[in-house]
Amino acid sequence: MTGLVYKSTGSWYTVKSLQGDFMECRIKGKFRMKGIKSTNPIAVGDVVDYDLDENSDVVTGTITNIHDRKNYIVRKSVNLSHQMHIIASNLDYVFLLITINNPPTTTNFIDRFLVTAEAYGIETILVFNKIDTYDDAMLDEQLFMQYIYQQIGYKCLRVSSTEGKGIEELKEIMKGKVTMFSGHSGVGKSTLVNAMEPSLHLKTKTISEQSKQGQHTTTFAEMYDLSFGAQIIDTPGIKGFGIVDMQKEEISGYFPEFFKLKDQCKFNNCLHKDEPKCAVKEALEKDEISYSRYNSYLKILEGDDETYRTDIYNDDRIASDETRNKN
Ligand SMILES: Nc1nc2c(ncn2[C@@H]2O[C@H](COP(=O)(O)OP(=O)(O)OP(=O)(O)O)[C@@H](O)[C@H]2O)c(=O)[nH]1
Ligand SMILES: [Mg+2]
Ligand SMILES: [Zn+2]
């Protein structure tokens, strides 16, 4: 039988069959994916084959095969530096939720996310949330960020999940698609899902918990069927985005506005750093490329890990997934 993985808790997978029934499944023995070294063999969004288990009171299943993925998105694990964690697979779009404040989302974080999504061929739409809370200075900052990303070609939306602003436009894009919400903890991913489908009652951070940063309210990625014909994957907040291993020369290819200029650089292996007659640096001088993007690029090029604000984001989600998998 074939089904779609809606949730993964480390040892159990919730699979929805083609007939629409949900079933708890496990995997048997070692289940290794060809070519991918990941901490989780199966992710939400995977299409799998499974057999029904016999001799059990509740109906459970065993996953026997995973179908080829159309795409998937990964991040580097925090404590196993060479391992990857597959966040989700078979996606049409990813929505990256951004808040200017509470919590702050930096351009460095956004750019790291976008580089990864570009590398894995997944279209990302930037969703600025909590616009109801912005004062003039925050609004300026938000509009400036939006300008930068729109210039490059990324679609940007402005929403308020609590006041229902901008939601209809988002729903239009989501119709008939499988999409994923990502972003820091507390940006309002689950609140936004609830705004689109109030009957889901997903757990969100309460007012009294709001000052307690660092705790994840959503702890597992999970897919939901929405009544307007969309499938959404709500995910736990991420602290920072470790860039998966990439060749230095490869990185600028995932900055679309740099990539366009590449052919005009004097050297065809130009890293756009210290080389003479570099079209990217010339564009930077002319303000045609944003400094924040260029800075993010240099940081990734230098292999710097993002400097996390550990006081705000305490991301132990993947670490605990790995611990569970070992048990
Ligand atoms: N004012 C305002 N508050 C919002 C908005 N969206 C979400 N919030 C609040 O922000 C807090 C965090 O929202 P969640 O939906 O729990 O955030 P999350 O991104 O799902 O967080 P994790 O599950 O931890 O990753 C909640 O208290 C929400 O009520 C918004 O548009 N405006
Ligand atoms: Mg959540
Ligand atoms: Zn160059």
Side-chain angles (χ1 to χ4, degrees), residues 7 87 95-105 109 127-135 138-139 142 157-167 170 180-198 200-224 232-240 248-249 251-253 255 257-286 288-289 294 297-298 301 312-318:
K7 186 180 181 179
I87 309 173
F95 292 95
L96 180 63
L97 267 74
I98 298 165
T99 47
I100 300 300
N101 219 332
N102 192 25
T105 307
F109 171 79
V127 179
F128 294 91
N129 189 29
K130 306 199 187 183
I131 56 167
D132 57 293
T133 65
Y134 293 0
D135 61 20
M138 284 157 70
L139 185 64
Q142 188 271 313
L157 297 172
R158 307 173 72 244
V159 304
S160 164
S161 307
T162 47
E163 295 188 357
K165 285 193 194 127
I167 310 282
L170 192 61
M180 175 180 107
F181 284 172
S182 195
H184 289 313
S185 184
V187 293
K189 299 177 291 296
S190 304
T191 307
L192 186 51
V193 178
N194 283 338
M196 287 186 278
E197 198 77 60
L200 280 176
H201 298 296
L202 299 191
K203 195 163 174 258
T204 60
K205 203 172 266 186
T206 61
I207 301 286
S208 65
E209 290 169 338
Q210 275 195 23
S211 56
K212 283 190 269 162
Q213 299 282 358
Q215 254 145 348
H216 296 268
T217 307
T218 305
T219 49
F220 295 105
E222 182 164 1
M223 189 180 312
Y224 300 95
I232 179 72
I233 301 170
D234 186 21
T235 62
I238 46 175
K239 176 184 67 176
K248 277 194 184 327
E249 301 73 45
I251 298 166
S252 69
F255 283 75
E257 76 275 40
F258 295 16
F259 183 74
K260 274 188 213 150
L261 296 170
K262 196 177 156 60
D263 289 344
Q264 296 166 38
C265 293
K266 181 170 187 216
F267 298 101
N268 62 9
N269 59 350
C270 187
L271 287 177
H272 321 303
K273 210 178 151 198
D274 306 311
E275 296 89 343
K277 297 224 165 69
C278 165
V280 170
K281 284 200 316 193
E282 281 163 17
L284 183 71
E285 295 300 320
K286 287 188 277 183
E288 289 163 7
I289 277 182
Y294 189 69
Y297 169 68
L298 288 184
L301 195 64
I312 295 193
Y313 313 113
N314 168 25
D315 184 23
D316 53 7
R317 177 76 242 117
I318 288 181

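Please read these numbers as outputs of a predicted model, since none were measured by experiment. Numbering of ligands and ligand atoms starts at 1, following listing order.
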- Note on the structure: Rounded to the nearest 0.5 angstrom, the CD-NZ distance for Gln142 and Lys130 is 14.0 Å

- Query: Protein N/O/S atoms under 2.8 Å from the Zn ion (ligand 3): how many?
  - Reply: 4

- Task: May I ask you to check if ligand 1 and Val159 share an N or O to N or O distance below 3.5 Å?
- Result: no

- Student check: side-chain heavy atoms of Ile238 and Phe109 closer than 4.5 Å: yes

- Item | Candidate with minimal heavy-atom separation from atom 31 (O) of ligand 1, of Ala195, Pro103, Ser161 | Ser161

- Query: Counting only N and O atoms by type, is there a donor-acceptor contact under 3.5 Å from the side chain of Ser160 to the main-chain atoms of Ile131?
  - Reply: no

- Environment of the Mg ion (ligand 2) in terms of protein N/O/S atoms, cut-off under 2.8 Å: Ser190 OG, Thr218 OG1

- Going from NE2 on His184 to CD1 on Ile98, what distance comes out if it is rounded to the nearest 0.5 angstrom? 9.5 Å

- Message: Distance under 4.0 Å to a non-hydrogen atom of Ser190: what atoms of ligand 1 satisfy this?
- Response: 15 (O), 20 (O)

- Task: Provide the closest heavy-atom pair for Glu222 versus Lys7 in the form atom of the first, atom of the second, distance.
- Result: OE1-CD, 3.5 Å

- Fit a plane to each ring of Phe255 and Phe258, take the angle between them on a 0 to 90° scale, and name the class: parallel (under 30°), tilted (30 to 60°) or perpendicular (over 60°). parallel

- Taking the minimum heavy-atom distance to atom 23 (O) of ligand 1, which of Thr218, Ile167, Thr191, Leu202 ranks first? Thr218

- Item | Closest heavy-atom pair and its distance - Ile289, Leu284 | O-CD1, 3.6 Å

- Query: Is ligand 1 under 4.0 Å from a heavy atom in the side chain of Thr217, in the backbone, in both, or in neither?
  - Reply: both

- Query: Can you find an N/O atom of Ile131 closer than 3.5 Å to an N/O atom of ligand 1?
  - Reply: no

- Query: Which is it for Asn129 and ligand 1 at heavy atoms under 4.0 Å: side chain, backbone, both or neither?
  - Reply: side chain

- Task: Applying side chain to side chain donor-acceptor pair (under 3.5 Å), name anything that partners Ser182, two or more places apart in sequence or on another chain.
- Result: none

- If you take all heavy atoms of Leu139 and Arg158, which pair is closest and at what distance? CD1-NH2, 3.1 Å

- Task: Run down the list His216, Lys130, Glu163, Lys205 and name the one with the heavy atom closest to atom 10 (O) of ligand 1.
- Result: Lys130

Between side-chain atoms of residues 264-276 and protein atoms elsewhere (two or more places apart, or another chain), which donor-acceptor pairs fall under 3.5 Å?
| from | atom 1 | to | atom 2 | distance (Å) |
| --- | --- | --- | --- | --- |
| His272 | NE2 | Ser252 | OG | 3.3 |
| Glu275 | OE1 | His272 | N | 3.3 |
| Glu275 | OE1 | Lys273 | N | 2.8 |
| Glu275 | OE2 | Leu271 | N | 2.7 |

- Message: Looking only at distances, can you tell me whether any N or O atom of Thr204, backbone or side chain, sits closer than 3.5 Å to an N or O atom of ligand 1?
- Response: no

- Item | Heavy-atom donor-acceptor pair, Lys203 side chain to Thr218 backbone, under 3.5 Å | no

- Message: Residue-level breakdown please: for Asp132 versus ligand 1, do any non-hydrogen atoms fall below 4.0 Å on the side chain, on the backbone, on both, or on neither?
- Response: side chain

- Please report the shortest heavy-atom distance between Tyr134 and Asn129, naming the atom on each side. OH-O, 2.8 Å

- Item | Contact (N/O only, under 3.5 Å) between Pro236 and ligand 1 | no

- In Å and rounded to the nearest 0.5 Å, what is the CZ to CG distance from Phe181 to Leu96? 11.0 Å

- Task: Give the atoms of ligand 1, by number and element, whose distance to some non-hydrogen atom of Gly237 is under 4.0 Å.
- Result: 25 (O)

- Looking only at heavy atoms, the pair that brings Met196 and Ile167 closest together is CG-CG2, 3.5 Å

- Item | Phe95 side chain near Lys189 side chain, heavy-atom distance below 4.5 Å | no

